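Please read the structure below before turning to the comments.
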Amino acid sequence: MIFVNENFEKLKAGYLFPEIGRRVNAFAQANPDAPIIKLGIGDVTEPLAPAVIDAMHKAVDEMATHQGLHGYGPEQGYAFLRDIIVENDYKPRNIPVDADEIFVSDGAKCDTGNMQEIFGIDNVVAVTDPVYPVYVDTNVMAGRTGEADDAGRYANIVYMPCTAENNFVPELPTEPVDMIYLCYPNNPTGAVATKEQLKKWVDYAIENKAVILFDAAYEAFIRDDSIPHSIYEIEGARKVAIEFRSFSKTAGFTGVRCGFTVVPKELIAYTKDGSAVDLHPIWNRRHCTKFNGVSYITQKGAEAVYSSEGKQQIKETIDLYMSNAGMMRKALTGQGYIVYGGEHAPYIWLHTPEGVDSWTFFDLLMNKANVVGTPGAGFGAAGEDYFRLSAFNDPAKVKEAMDRIAKI
Ligand code: MLT
């Protein structure tokens, strides 16, 4: 008899974004003329940068020749991309990362979801609440949690509330935890963490022999130079942190698929008998076994992100999204909403009106304004009474969305 992985039965609901997609499709079918504006899932709307497109076209042409054909590449990524990442993302900030500590992948969602595989099943997972659902769901699937309660909180996960009071940066846990997921700039709240705040976490991880899984997918949206782009800007982090980066939001690669993960060579975990084990070779082993590398064409596109034209073009696109975020903050604040985020991240996190829960607000916005957002409750119990709006859209549509919200 074939047995199912019963951990999947513990999952509370469908994955958040397909669930929203399902509701939006049902609404669109019932209201075919409704001019829906989507500010829900953080999916980009601007075309890829011309430098990226040129590089990908050239790579396609190469692949059409015997000399230029690229078959299986290095699973960890081509040296041309790993080197240029170090030169541009890390060296200018004096961040010590070597090219062979970088693992190129098909995106941060997969890497943040897969990384838990290299850790023991008895580790205690700590997540912020609200949280990007991938961190939680993948640990549920792996069997690292118990059942969920009525609020959707799983047993054996330590939830660290992120509220307006703590500026959406959690306090250190009062009980021992082993795998700590942090995401800054934060999805969904749009908050950022200072160097001092991250230092507390790095010190905690060192002291408690824990690991920090640091999702930096939104670092390109930081507008203030004092805010860290990388966990490795914090002293000691190389011993205790893994960092996830993505070209999805930075360079509009949500449909192209490319990201990378840094696993430093100093990073260790322990066997049950207390012996230290290097994690870099373990992740390398896992990556090479389960992944055949990102396509040459995609990696050439990613390389072009770092060309001088690429950098300029990508900056212009990020500026456009961040100008949307500024417009949204201003409009919503003017309408009386309490608004967070949107200053160093492409997400606005707003408090729903008194007495209106986040799914009710979702329905209200969709029905009355034909605007789609993401209910805060979808990111965890502490997201209830909040609502996320994404700044990824055409400025005219964002303005139209704000005008429509003003009328409800
Ligand atoms: C989001 O909207 O939270 C993200 O786009 C989802 C993702 O990056 O997977």
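The shown structure was predicted, so the numbers you read here are calculated from the model rather than taken from an experiment. Values reported hereafter were calculated over all heavy atoms of this structure, with side chains retained and with hydrogens, waters and symmetry mates removed.
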Notebook entry, point to check: Any donor-acceptor pair under 3.5 Å linking the side chain of Asp357 with the backbone of Thr360?
Noted result: yes
Margin query: If you count every heavy atom of other residues, nucleotides or ligands that lies below 6.0 Å from Glu235 atom CD, does the total exceed 12?
Written below: no
Check: Just checking, any donor-acceptor pair under 3.5 angstrom between side chains of Gln116 and Thr138?
Finding: no
Note to self: Using a 6.0 Å distance limit plus a 45 degree cone around the ring axis, check whether Lys12 lies over the aromatic ring of Tyr154.
What the structure shows: no
Next item on the list: Using the test ring-ring contact (aromatic ring centres under 6.0 Å, His included), find all partners of Phe291 that sit at least two apart in sequence or belong to another chain.
Entry: His287
Next item on the list: May I ask you to decide if Val136's main-chain N or O and Arg144's side chain share a donor-acceptor pair within less than 3.5 Å?
Entry: no
Check: Hey, does the side chain of Thr317 reach the backbone of Gln313 with a donor-acceptor pair shorter than 3.5 angstrom?
Finding: yes
Notebook entry, point to check: Parallel, tilted or perpendicular for Tyr321 and Phe392, by the 30°/60° rule?
Noted result: perpendicular
Margin query: Which label fits Tyr132 and Tyr135: parallel for a plane angle under 30°, tilted from 30 to 60°, or perpendicular past 60°?
Written below: perpendicular
Check: How about His229 and Tyr90: are their ring centroids closer than 6.0 Å?
Finding: no
Check: Can we call the ring centroids of Tyr218 and Tyr347 under 6.0 Å apart?
Finding: yes
Next item on the list: Kindly say whether Pro281 contributes a backbone atom to a donor-acceptor pair with the side chain of Asp278 at under 3.5 angstrom?
Entry: no
Notebook entry, point to check: So Glu309 and Lys311, salt bridge (Lys or Arg N to Asp or Glu O under 4.0 Å) or not? Walk me through it.
Noted result: CA-CA 5 Å; Glu309 310 79 53; Lys311 280 185 197 162; over 6 Å; no
Next item on the list: With side chain to side chain donor-acceptor pair (under 3.5 Å) as the test, would you mind laying out the steps for Asp215 and Tyr184 before giving the verdict?
Entry: CA-CA 7 Å; Asp215 187 348; Tyr184 288 99; over 6 Å; no
Margin query: Under the criterion side chain to side chain donor-acceptor pair (under 3.5 Å), I'd like the reasoning laid out for Asn139 against Tyr181: C-alpha separation, chi angles, the key distance, then a yes or no.
Written below: CA-CA 11 Å; Asn139 278 291; Tyr181 288 85; 3.0 Å; yes
Check: Judged by atom type as modelled, is there a donor-acceptor pair below 3.5 Å linking the side chain of Arg82 to the main-chain atoms of Ile102?
Finding: yes
Next item on the list: Taking only Lys NZ, Arg NE, NH1 and NH2, and the carboxylate oxygens of Asp or Glu, determine whether Lys290 and Glu117 approach each other closer than 4.0 Å.
Entry: yes
Notebook entry, point to check: Can you list the steps and then say if Arg388 with Asn187 is a side chain to side chain donor-acceptor pair (under 3.5 Å)?
Noted result: CA-CA 9 Å; Arg388 194 192 77 174; Asn187 178 15; 2.6 Å; yes
Notebook entry, point to check: Quick one: which of Ile318, Asn324, Leu320, Asp319 gives a side-chain contact (heavy atoms from CB on, under 4.5 Å) with Met322?
Noted result: Ile318
Item checked: Value rounded to 0.5 Å, distance of CG in Leu279 from CG in Leu267 -> 4.5 Å
Next item on the list: Taking ring-ring contact (aromatic ring centres under 6.0 Å, His included) as the test, write out the residues that go with Phe362, two or more places apart.
Entry: Trp359
Note to self: So does Thr194 get a backbone contact from the side chain of Gln197, meaning a donor-acceptor N/O pair under 3.5 Å?
What the structure shows: yes
Next item on the list: Using the test ring-ring contact (aromatic ring centres under 6.0 Å, His included), find all partners of Tyr340 that sit at least two apart in sequence or belong to another chain.
Entry: Phe168
Notebook entry, point to check: With a cut-off of 6.0 Å (strictly less than), are more than 12 heavy atoms of other residues, nucleotides or ligands near NZ of Lys399?
Noted result: no
Checklist line | Electrostatic pair Glu62-Lys58, nearest N-O below 4.0 angstrom | finding: no
Checklist line | Audit row: Lys200, Glu196, salt bridge (Lys or Arg N to Asp or Glu O under 4.0 Å) steps and yes/no | finding: CA-CA 7 Å; Lys200 279 208 274 181; Glu196 292 67 35; over 6 Å; no
Notebook entry, point to check: Short question: side chain of Asn123, backbone of Gly120 - any donor-acceptor pair under 3.5 Å?
Noted result: yes
Note to self: For the NZ atom on Lys91, are there more than 12 heavy atoms of other groups (residues, nucleotides or ligands in this structure) within a distance under 6.0 Å?
What the structure shows: no
Next item on the list: Determine, step by step, whether Asp100 and Lys265 satisfy the salt bridge (Lys or Arg N to Asp or Glu O under 4.0 Å) criterion, reporting the C-alpha distance in whole Å, the side-chain angles of both residues, the deciding distance to 0.1 Å, and the verdict.
Entry: CA-CA 9 Å; Asp100 61 357; Lys265 297 220 186 96; 2.8 Å; yes
Check: Under a 4.0 Å N-O cut-off, is there an ion pair linking Asp363 with Lys368?
Finding: no
Check: Rounded to the nearest 0.5 Å, how far apart are CG of Leu332 and CZ of Phe387?
Finding: 10.5 Å
Item checked: Cationic N near anionic O, under 4.0 Å, Glu303 to Lys300 -> yes
Notebook entry, point to check: Is the backbone N or O of Pro96 less than 3.5 Å from a side-chain atom of Arg238, with the two atoms forming a donor-acceptor pair by type?
Noted result: yes
Checklist line | Charged N-O contact under 4.0 Å between Arg93 and Glu233 | finding: yes
Item checked: Flag, side chain of Asn167 to backbone of Val169, donor-acceptor distance under 3.5 Å -> no
Checklist line | From CG (Leu39) to OG (Ser390), nearest 0.5 Å | finding: 6.0 Å
Margin query: Ignoring hydrogens, what is the shortest heavy-atom contact between Thr128 and Pro170? Give both atom names and the distance.
Written below: CG2-CG, 3.7 Å
Check: Centres of the Tyr386 and His351 rings: under 6.0 Å?
Finding: yes
Margin query: To the closest 0.5 Å, what do you measure between CH2 (Trp283) and CZ (Arg286)?
Written below: 4.5 Å
Next item on the list: Run the numbers on Lys199 and Asp203 for salt bridge (Lys or Arg N to Asp or Glu O under 4.0 Å), then give the verdict.
Entry: CA-CA 6 Å; Lys199 173 94 175 70; Asp203 291 347; 2.9 Å; yes
Note to self: Students often mix this up, so state it plainly: with edges at 30° and 60°, are the rings of Tyr78 and Tyr296 parallel, tilted or perpendicular?
What the structure shows: perpendicular
Next item on the list: Hey, could you give me the CD/CZ distance between Glu219 and Phe214, rounded to the nearest 0.5 Å?
Entry: 9.5 Å
Next item on the list: Output yes when a side-chain donor or acceptor of Thr65 lies under 3.5 Å from a complementary backbone atom of Asp61, and no otherwise.
Entry: no
Next item on the list: Of all the heavy-atom pairs spanning Ile180 and Met160, show the shortest one and how long it is.
Entry: CG2-CE, 4.3 Å
Next item on the list: Please name the pair of heavy atoms, one in Val44 and one in Ser248, separated by the smallest distance, quoted to 0.1 Å.
Entry: CG1-O, 3.7 Å
For residues 146-153, run the donor-acceptor check on the side chains, cut-off 3.5 Å, and write out each pair with its distance to 0.1 Å, sequence neighbours left out.
{"from": "Asp149", "atom 1": "OD1", "to": "Ala151", "atom 2": "N", "distance (Å)": "2.9"}
{"from": "Asp149", "atom 1": "OD1", "to": "Gly152", "atom 2": "N", "distance (Å)": "3.0"}
{"from": "Asp149", "atom 1": "OD1", "to": "Arg153", "atom 2": "N", "distance (Å)": "2.9"}
{"from": "Arg153", "atom 1": "NE", "to": "Asp129", "atom 2": "OD2", "distance (Å)": "3.4"}
{"from": "Arg153", "atom 1": "NH2", "to": "Asp129", "atom 2": "OD2", "distance (Å)": "2.8"}

Item checked: Identified side chain to side chain donor-acceptor pair (under 3.5 Å) partner of Ser105 from the options Asp111, Thr261, Asn114 -> Asp111
Next item on the list: Not counting sequence neighbours, which residues clear ring-ring contact (aromatic ring centres under 6.0 Å, His included) with His344? List them please.
Entry: none
Check: Can you name the one residue among Arg223, Lys330, Arg329 that meets salt bridge (Lys or Arg N to Asp or Glu O under 4.0 Å) with Glu343?
Finding: Arg329
Which atom pairs, donor and acceptor, lie under 3.5 Å between side-chain atoms of residues 67-77 and protein residues at least two apart or in another chain?
{"from": "His70", "atom 1": "ND1", "to": "Gly68", "atom 2": "O", "distance (Å)": "2.8"}
{"from": "Gln76", "atom 1": "NE2", "to": "Asn284", "atom 2": "OD1", "distance (Å)": "2.8"}

